[in-house]
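What follows is a set of notes on a single structure, which appears directly below.
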Amino acid sequence: MQRVAILSAILLGGVAVTGAVAQGIPGIENIEQVGENLYRIPGAGGNTIVFVRSDDVVLVDTKVAGQGEALMEQVRSVTDKPIAMVINTHSHPDHVGSNAFFRENHAVQVVAQANTAARMQAEGGQFPANPVDTEFTTYRQIGEGEDRIELYWFGAGHTDGDAFVMFPENKTMVAGDIYAWHMSPLIDPGSGGSMLALPTTVTAAYYNIPEAETVISGHGGVHTREEFLSWVTFNRGLVQIAEETAQRGGTPEEALARLEAVPSWAVFMGDEPLPGLEYGGTPRGRAYINLMVAFEELMGEEPQLRMGIATSEIPARQN
Ligand SMILES: [Zn+2]
C-alpha cells in the first residue's frame, strides 16, 4: 500500500513530489540507447526520451519536479548540443514536473496536445500551472528529414490528452502512460481518461503509425510492435468482456474470470508487481480495476480514480 500512497502524492499532491522521491520512488537511472540518435532515461517518474537532432536536442517528458540537473547529467553523457524543446505526452506531474528547469535554464519550447495544454496551464488546479508554447490537436509535424518528429492524438485513454510521439528515422514511437508497464493502464477520469474510449484510441495508434517497429512505454520498458498489438488486443478484449458481462447483469468479478480464461493474455494478468512500478498493484489488480472503471462508465456512474488495490480486494483466481 505504500506504493499507492506515494503515487497518490505525485498525482494528487503535485507539490509534495520532491518529498515523494525521497520516500521511495525509484531514482533516476542511467541513459540507455534505443535508436541511432534516440535514448531513454528511466526512473524518477515517467521515462524521459532524448532525441538528438542535427543542431539540438528534444526531450519527451521531464519526470517529477527537481530532476532537471540529474536529467542534464544524463543527457550530457551522450551529447553537448543545446536543449531546444520539451514535448509532454500528457499533463501528469511525474511527466511535466521538471519542465520549469528547462524553461528557466535552457529557454526550451514546450509542446503538448491541446487538452493536455489546457490542464497543464490551468491556474488554481491540483497541480502547479505549467506553461505550454505550442499546442496541436490531432497531428503536427516538427522538423524535416532525419530530424522529423510526428505528434498524434487519437482520443481519450489514460487522460483526454495522450500524445503519441513518433520518430520516423528511428522507427520508434513514444506512447506515454496510455501504455505503461505492458499492462492495462491507469485511467484518470479526473483528467478526462476513459477505459471505454481506450481501445479505439490505441487501435488507431497501431494502424495509423504503421512504421513504429518499437514502442517506448510511459513507465517501464521498450517493446516491439507485436507486443504493442497484443496489448491493444487485450484492452479491446477487456472492454468487450466488460460490456457483454454488464449487459447480462454480471459483475466485474465474473468479467475478471473470463479475462483470465484466455491463455494468450496471461502476460497481462500477472500477480507480481513489475520492476519500477510506482502505481500500486499488479497487472491482474490493474485489469480488475479497469473492469470496475469500465462498468462504472457503462452504468453512467462517475468512474473512480484508483491508484492501486489491496491484494485482499482482488477476487481469487477461478482456475
Ligand atoms: Zn500519467
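In each ligand, atom 1 is the first atom listed, and ligand 1 is the first ligand listed.
Taking the ring centroids of Trp231 and Phe234, they lie at or beyond the 6.0 Å cut-off.
For the Zn ion (ligand 1), the nearest N, O or S atom contributed by Asp177 is named OD2. Looking at His90, its N, O or S atom nearest to the Zn ion (ligand 1) turns out to be NE2.
Sorted by first then second residue, the ring pair (Phe, Tyr, Trp, His ring centres under 6.0 Å) pairs that include residues 38-76, not counting sequence neighbours, are Phe51-Phe167.
Geometry about the Zn ion (ligand 1) gives an angle of 80° between ND1 of His92 and NE2 of His158, rounded in steps of 10 degrees.
Side-chain contact annotation: Thr203 with Arg236, donor-acceptor N/O pair under 3.5 Å present.
Under the salt bridge (Lys or Arg N to Asp or Glu O under 4.0 Å) criterion, Glu296 pairs with Arg306, not counting sequence neighbours.
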